Amino acid sequence: MARRYWLLKSDPDTFGLPHLRRSKNRTTCWDGVRNYQARNLLRDQLQVGDGVLFYHSRAAPPAVVARAKVVRAGYPDPEQFRPSSEYFDAQSERGAPRWFAVDIQLERELDRPVTLPQIRETAGLEEMVLVKRGRLSVQPVTPTEWKIVLALGKRR
DNA sequence: GCCAACGTTGGC
DNA sequence: GCCAACGTTGGC
(Lines give C-alpha, C1' and ligand atoms only; values in the text may rest on other atoms or scores of the structure.)
Protein backbone atom coordinates (compact mmCIF):
# COMPACT_ATOMS: atom_id res chain seq x y z
CA MET A 1 0.00 0.00 0.00
CA ALA A 2 1.26 3.49 -0.78
CA ARG A 3 2.61 5.55 2.07
CA ARG A 4 -0.10 7.66 3.58
CA TYR A 5 -0.15 10.72 5.77
CA TRP A 6 -1.83 11.61 9.03
CA LEU A 7 -2.14 14.42 11.51
CA LEU A 8 -2.00 13.44 15.17
CA LYS A 9 -3.05 15.89 17.86
CA SER A 10 -1.41 15.96 21.25
CA ASP A 11 -1.96 18.27 24.19
CA PRO A 12 1.52 19.60 24.95
CA ASP A 13 0.69 19.77 28.67
CA THR A 14 0.20 16.01 28.59
CA PHE A 15 2.66 14.96 25.90
CA GLY A 16 4.35 17.50 23.67
CA LEU A 17 7.34 17.74 21.39
CA PRO A 18 9.83 18.01 24.30
CA HIS A 19 8.52 14.69 25.65
CA LEU A 20 8.82 13.06 22.24
CA ARG A 21 12.34 14.43 21.80
CA ARG A 22 13.41 12.91 25.12
CA SER A 23 11.75 9.54 24.51
CA LYS A 24 13.94 6.50 23.91
CA ASN A 25 14.78 6.34 20.20
CA ARG A 26 12.57 9.43 19.90
CA THR A 27 9.76 6.90 19.76
CA THR A 28 6.58 6.83 21.79
CA CYS A 29 3.44 4.83 22.20
CA TRP A 30 0.71 7.16 21.02
CA ASP A 31 -2.09 6.12 23.34
CA GLY A 32 -5.06 7.52 25.21
CA VAL A 33 -7.38 7.96 22.23
CA ARG A 34 -10.94 7.51 23.44
CA ASN A 35 -12.92 8.50 20.36
CA TYR A 36 -14.28 5.79 18.08
CA GLN A 37 -13.61 7.50 14.79
CA ALA A 38 -9.99 8.11 15.73
CA ARG A 39 -9.79 4.58 17.13
CA ASN A 40 -10.91 3.11 13.82
CA LEU A 41 -8.17 4.95 11.97
CA LEU A 42 -5.51 3.82 14.45
CA ARG A 43 -6.70 0.24 14.34
CA ASP A 44 -7.33 -0.14 10.61
CA GLN A 45 -5.53 2.50 8.61
CA LEU A 46 -2.20 3.64 10.01
CA GLN A 47 0.67 1.56 8.63
CA VAL A 48 4.37 1.34 9.41
CA GLY A 49 6.17 4.01 7.37
CA ASP A 50 3.20 6.36 7.11
CA GLY A 51 4.00 10.04 7.62
CA VAL A 52 2.73 11.94 10.67
CA LEU A 53 2.27 15.65 11.28
CA PHE A 54 2.68 16.08 15.04
CA TYR A 55 0.28 18.80 16.17
CA HIS A 56 -0.01 20.65 19.47
CA SER A 57 -3.65 21.16 20.37
CA ARG A 58 -4.81 23.40 23.22
CA ALA A 59 -1.74 25.54 22.64
CA ALA A 60 -1.60 29.25 21.87
CA PRO A 61 -1.67 29.03 18.97
CA PRO A 62 -2.25 25.40 18.07
CA ALA A 63 0.36 24.29 15.54
CA VAL A 64 2.04 21.49 13.63
CA VAL A 65 5.49 21.29 15.24
CA ALA A 66 7.19 18.21 13.80
CA ARG A 67 7.23 15.42 11.28
CA ALA A 68 7.17 11.85 12.53
CA LYS A 69 6.49 8.40 11.16
CA VAL A 70 4.53 5.36 12.21
CA VAL A 71 6.90 2.64 13.42
CA ARG A 72 4.32 0.23 14.79
CA ALA A 73 0.81 -0.20 13.41
CA GLY A 74 -2.35 -0.39 15.53
CA TYR A 75 -2.25 -2.56 18.65
CA PRO A 76 -4.37 -2.60 21.81
CA ASP A 77 -3.74 0.47 23.99
CA PRO A 78 -2.21 -1.00 27.18
CA GLU A 79 -3.54 1.85 29.33
CA GLN A 80 -7.12 0.64 28.98
CA PHE A 81 -6.28 -2.41 31.13
CA ARG A 82 -4.42 -0.57 33.91
CA PRO A 83 -6.86 0.28 36.70
CA SER A 84 -4.62 3.05 38.00
CA SER A 85 -4.44 4.74 34.60
CA GLU A 86 -6.58 7.74 33.78
CA TYR A 87 -7.25 5.92 30.50
CA PHE A 88 -8.52 2.78 32.23
CA ASP A 89 -11.69 1.38 30.69
CA ALA A 90 -13.46 -1.23 32.82
CA GLN A 91 -15.71 -2.13 29.88
CA SER A 92 -12.84 -3.20 27.65
CA GLU A 93 -11.80 -6.85 27.64
CA ARG A 94 -8.43 -8.28 26.68
CA GLY A 95 -10.04 -10.64 24.22
CA ALA A 96 -11.84 -7.77 22.55
CA PRO A 97 -9.94 -4.58 23.25
CA ARG A 98 -11.83 -1.38 22.66
CA TRP A 99 -8.96 1.10 22.24
CA PHE A 100 -5.88 1.08 20.05
CA ALA A 101 -2.53 2.80 19.94
CA VAL A 102 0.35 3.14 17.46
CA ASP A 103 4.04 3.89 17.95
CA ILE A 104 5.48 6.95 16.28
CA GLN A 105 9.07 8.13 15.91
CA LEU A 106 10.13 11.75 15.65
CA GLU A 107 11.84 12.40 12.32
CA ARG A 108 12.33 16.15 12.14
CA GLU A 109 11.27 19.16 14.13
CA LEU A 110 9.98 21.93 11.91
CA ASP A 111 12.18 25.02 11.64
CA ARG A 112 9.14 26.93 12.77
CA PRO A 113 5.67 25.82 13.86
CA VAL A 114 2.89 25.94 11.28
CA THR A 115 0.02 27.48 13.19
CA LEU A 116 -3.67 26.81 12.80
CA PRO A 117 -4.40 30.43 11.71
CA GLN A 118 -1.66 30.08 9.11
CA ILE A 119 -3.13 26.81 7.87
CA ARG A 120 -6.58 28.41 7.63
CA GLU A 121 -5.32 31.15 5.35
CA THR A 122 -3.07 29.04 3.11
CA ALA A 123 -4.31 28.20 -0.38
CA GLY A 124 -4.55 24.46 -0.87
CA LEU A 125 -5.28 23.69 2.78
CA GLU A 126 -8.95 24.73 2.81
CA GLU A 127 -10.10 21.13 2.75
CA MET A 128 -7.94 19.86 5.59
CA VAL A 129 -9.96 17.96 8.17
CA LEU A 130 -8.30 20.23 10.72
CA VAL A 131 -10.03 23.21 9.10
CA LYS A 132 -13.32 21.59 8.09
CA ARG A 133 -13.95 19.73 11.28
CA GLY A 134 -12.17 20.18 14.57
CA ARG A 135 -12.09 17.77 17.47
CA LEU A 136 -10.69 14.69 15.81
CA SER A 137 -7.32 13.66 17.16
CA VAL A 138 -6.33 11.37 14.27
CA GLN A 139 -7.02 12.59 10.77
CA PRO A 140 -5.97 11.84 7.21
CA VAL A 141 -3.80 14.32 5.32
CA THR A 142 -3.49 14.29 1.51
CA PRO A 143 -0.02 14.15 -0.12
CA THR A 144 -0.53 17.71 -1.36
CA GLU A 145 -1.47 18.99 2.09
CA TRP A 146 1.54 17.18 3.52
CA LYS A 147 3.88 18.95 1.11
CA ILE A 148 2.36 22.37 1.67
CA VAL A 149 2.45 22.14 5.47
CA LEU A 150 6.07 20.94 5.55
CA ALA A 151 7.11 23.69 3.13
CA LEU A 152 5.52 26.26 5.45
CA GLY A 153 7.55 24.80 8.30
CA LYS A 154 10.89 25.37 6.58
CA ARG A 155 13.04 28.35 7.51
CA ARG A 156 12.87 31.07 4.91
C1' DG B 1 -11.36 28.85 32.20
C1' DC B 2 -15.25 29.19 29.03
C1' DC B 3 -18.15 27.18 26.01
C1' DA B 4 -19.50 25.43 21.19
C1' DA B 5 -19.39 21.33 18.62
C1' DC B 6 -19.91 16.86 18.55
C1' DG B 7 -20.27 12.05 20.17
C1' DT B 8 -22.26 8.75 23.40
C1' DT B 9 -25.61 7.15 26.73
C1' DG B 10 -29.84 5.85 28.33
C1' DG B 11 -34.93 6.68 29.48
C1' DC B 12 -38.99 6.17 27.26
C1' DG C 1 -35.61 4.65 17.43
C1' DC C 2 -35.94 9.37 19.28
C1' DC C 3 -33.84 12.81 21.63
C1' DA C 4 -32.41 15.10 26.02
C1' DA C 5 -28.72 14.85 29.13
C1' DC C 6 -24.17 14.37 29.68
C1' DG C 7 -19.09 14.04 28.70
C1' DT C 8 -15.09 15.24 25.95
C1' DT C 9 -12.43 17.88 22.75
C1' DG C 10 -10.06 21.71 21.67
C1' DG C 11 -10.10 26.74 19.92
C1' DC C 12 -10.15 30.96 21.95
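As the structure is a prediction and not an experimental result, all values here were calculated from the model. A, B, ... follow the sequence lines: proteins, then strands. Residue 1 opens every chain.
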Undergrad: Using the six-membered ring wherever Trp is involved, compare the ring planes of Phe54(A) and Phe15(A) and label them parallel, tilted or perpendicular (cut-offs 30° and 60°).
TA: perpendicular
Undergrad: In whole Å, I'd like the distance from the CD atom of Gln139(A) to the C1' atom of dT9(C).
TA: 12 Å
Undergrad: Once you round it to whole Å, what is the distance between P of dG11(C) and CG of Leu130(A)?
TA: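 It is 7 Å, rounded to the nearest whole Å.
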Undergrad: Around atom CD of Glu93(A), are there more than 12 heavy atoms of other residues, nucleotides or ligands at under 6.0 Å?
TA: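 Atom CD in Glu93(A) is not crowded, with 12 or fewer foreign heavy atoms closer than 6.0 Å.
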Undergrad: Going hydrophobic residue to hydrophobic residue with side-chain gaps under 4.5 angstrom, can you get from Ile104(A) over to Val141(A)?
TA: no
Undergrad: Find which nucleotide of DNA chain B each of Arg58(A) and Lys132(A) is nearest to by heavy atoms, and output the residue with the more 5' nucleotide.
TA: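 The residue closer to the strand's 5' end, by nearest nucleotide, is Arg58(A).
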Undergrad: Could you say whether Asn35(A) or Pro117(A) is positioned toward the 5' end of DNA chain C, judged by the nucleotide with the nearest heavy atom to each?
TA: Asn35(A)
Undergrad: Rounded to whole angstroms, how far apart are CZ on Arg135(A) and C1' on dC2(B)?
TA: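 Taking CZ of Arg135(A) and C1' of dC2(B), I get 12 Å after rounding.
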Undergrad: dG11(C) phosphate, OP1 or OP2: any side-chain N/O from Arg133(A) under 4.0 angstrom?
TA: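 Checking dG11(C) against Arg133(A), no side-chain N or O comes under 4.0 Å of OP1 or OP2.
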Undergrad: Just N and O in the side chain of Lys9(A): are any of them under 4.0 Å from OP1 or OP2 of dG10(C)?
TA: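 For dG10(C), OP1 or OP2 has a side-chain N or O of Lys9(A) closer than 4.0 Å.
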Undergrad: Take the protein atom CZ of Arg39(A) and the nucleotide atom P of dT9(C), then report the distance between them rounded to whole Å.
TA: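 Checked: the CZ to P distance equals 15 Å.
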Undergrad: Expressed in angstrom and rounded to an integer, what is the separation of Ile119(A) atom CD1 from dG11(C) atom P?
TA: 10 Å
Undergrad: Rounded to whole angstroms, how far apart are CD on Gln37(A) and P on dG10(C)?
TA: 12 Å
Undergrad: Does dC6(B) have OP1 or OP2 sitting under 4.0 Å from an N or O in the side chain of Tyr36(A)?
TA: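 It does not, given that no N or O in the side chain of Tyr36(A) lies less than 4.0 Å from OP1 or OP2 of dC6(B).
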Undergrad: Give a yes/no on whether any side-chain N or O of Arg120(A) is located under 4.0 angstrom from OP1 or OP2 of dC12(C).
TA: yes
Undergrad: What's the OH-P distance between Tyr55(A) and dT9(C), to the nearest Å?
TA: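 Checked: the OH to P distance equals 15 Å.
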Undergrad: Whole angstrom is fine here: how far is it from CZ in Arg98(A) over to P in dG7(B)?
TA: 17 Å
Undergrad: Hey, are Arg34(A) and Asp77(A) close enough for a salt bridge, meaning a charged N less than 4.0 Å from a carboxylate O?
TA: yes
Undergrad: First locate atom CG of Asp89(A), then atom CZ of Arg98(A), and finally report the distance between them rounded to the nearest 0.5 Å.
TA: 4.5 Å
